[in-house]
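Here's the structure we're looking at; comments come further down.
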There are 2 protein chains.
Amino acid sequence: MKEPDDTLSKALKKLREQHVRITPQRKLILDYLMNHENHPPVEEIYKELAPQMSSLSLATVYNTLNLFVELGIVIEIPNENGGVRYDFFGRPHYHAICENCGKVTDIYDPNLPQIDGMLQNTAKKQSGYNFNSCHIELYGLCPECQAKGVTLAS
Amino acid sequence: MKEPDDTLSKALKKLREQHVRITPQRKLILDYLMNHENHPPVEEIYKELAPQMSSLSLATVYNTLNLFVELGIVIEIPNENGGVRYDFFGRPHYHAICENCGKVTDIYDPNLPQIDGMLQNTAKKQSGYNFNSCHIELYGLCPECQAKGVTLAS
DNA sequence: CACTTTTTTTAGAAAAATTCCAGAGAACGT
DNA sequence: ACGTTCTCTGGAATTTTTCTAAAAAAAGTG
């Protein structure tokens, strides 16, 4: 599912608005995240992009991802083994995560805004927080692992 | 909010059912997690418990936490800086996380089972996964940080 | 209760992940 | 185009997590 052509420019505009400089490295990483549904970990992003920009430093990938997360352009998804995967968060969605193979699948739910509202409402009453984003992960078995006959401990 | 006295024995029973051996180390860590609302990271658990059991090894804390997560007794909460915090998951709840100070507050919502059902329903139709648990995190500013006048980039 | 088997713990070493740093380079407003 | 300011690089340093082999300790057996 390739993102529409203007998704990148929209994201870049957001960067400019925040007075964040647009560098080739940032563009490259953003573009990669936008056009891959694989929810890659840091190391994979680095390995994929290093050939395209031979000077790219691993430290830059870390810096850039942390920056994008702070800006809310990208979110982190917890990984089966404590690691972190990265996900371009253009449209709100949540995640189905396979507890066996670790695959992450995006779920686009028309009811999400409403559910989000209910959650924030209760949480605000109970805790006094002011919210601005919501992450949801559902854990289970993907169809492929089900077919393999995998079952889980719990 | 101290957990009722039998919460520990219930959890221990669950361990036995899974044929997981009950060791003093596991009891200690479980007890600590149950009776602290601070959602501690690994290092903090180790530092707190080391004085109580001088032989306790950091590796054991890692092993034990990973075990508890696999068994579904404990869940991981993503931390502001990529780290992980641990949370005893006795009763289903979700989390309000402060983007400024990193505090994690538990939210007990009577509608959670219903919301959970809606999410799983849509997600199952769209992805074919079979689910068995659901994690929700709301990100925002806690009352204290609001009072301090903190505002966020995004 | 003593014995056996199997699992767990320990401690330190090893590996992996992430951050730090100082100098070189590049973006952007003027 | 210039100068200021922010960013990138590469390697070292730090932090986090896992691994390993030997010792200790659970649970099962009769």
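Predicted, not measured: the structure shown is a model, and the values here were computed from it. Chain identifiers are assigned alphabetically (A, B, ...) following the order of the sequence lines, protein sequences preceding nucleic acid strands; residue numbering begins at 1 within each chain.
- Contact record, B:G140 with A:Y129: C-CD2, 4.5 Å, taken as the closest heavy-atom pair.
- Side-chain contact check for A:Q126 and B:Y108: no donor-acceptor pair (N or O, by modelled atom type) lies under 3.5 Å.
- Spacing between atom CZ of B:R85 and atom P of D:dT16 amounts to 13 Å, rounded to whole angstrom units.
- Taking only distance into account, the side chain of A:R26 never meets the base of D:dT7 through a donor-acceptor pair shorter than 3.5 Å.
- A residue-by-residue look at B:T23 and A:T64 shows that A:T64 has its nearest nucleotide of DNA chain D further toward the 5' end.
- To the nearest angstrom, C1' of D:dT7 lies 13 Å from CZ of A:F68.
- Ring to ring, B:H135 and A:H135 are not that close: their centroids are 6.0 angstrom or more apart.
- We find that A:E144 and A:K103 are joined by a salt bridge, their nearest charged nitrogen and carboxylate oxygen being less than 4.0 Å apart.
- Atom CZ of B:R91 sits about 13.0 Å away from atom CG of B:L112, to the nearest 0.5 Å.
- The phosphate of D:dT9 has OP1 or OP2 within less than 4.0 Å of a side-chain N or O from A:T60.
- Between C:dT7 and B:N63, no contact under 4.0 Å exists linking OP1 or OP2 to a side-chain N or O.
- Here A:S55 reaches the OP1 or OP2 of D:dT9: one of its side-chain N or O atoms lies under 4.0 Å away.
- Contact check, B:Y62 against D:dT17: a side-chain N or O comes under 4.0 Å of OP1 or OP2.
- Remark: B:Q25 is not in phosphate contact with D:dA25, judged by side-chain N or O atoms under 4.0 Å from OP1 or OP2.
- Counting to the nearest Å, the P atom of C:dT9 and the CG atom of B:N66 are 12 Å from each other.
- The CG atom of A:L58 sits 15 Å away from the C1' atom of C:dC21 (whole-angstrom rounding).
- Of the two residues near DNA chain C, A:R21 and B:A59, the one whose nearest nucleotide lies more 5' is B:A59.
- Atom CD1 in A:I22 sits about 12 Å away from atom P in D:dC8, given to the nearest Å.
- Rounding to whole angstrom units, CD of residue A:E44 and C1' of C:dT18 are separated by 18 Å.
- Atoms CG (B:L56) and C1' (D:dA25) sit 15 Å apart, rounded to a whole Å.
- Protein atom OH of A:Y86 is 12 Å distant from nucleotide atom P of C:dA17, rounded to whole Å.
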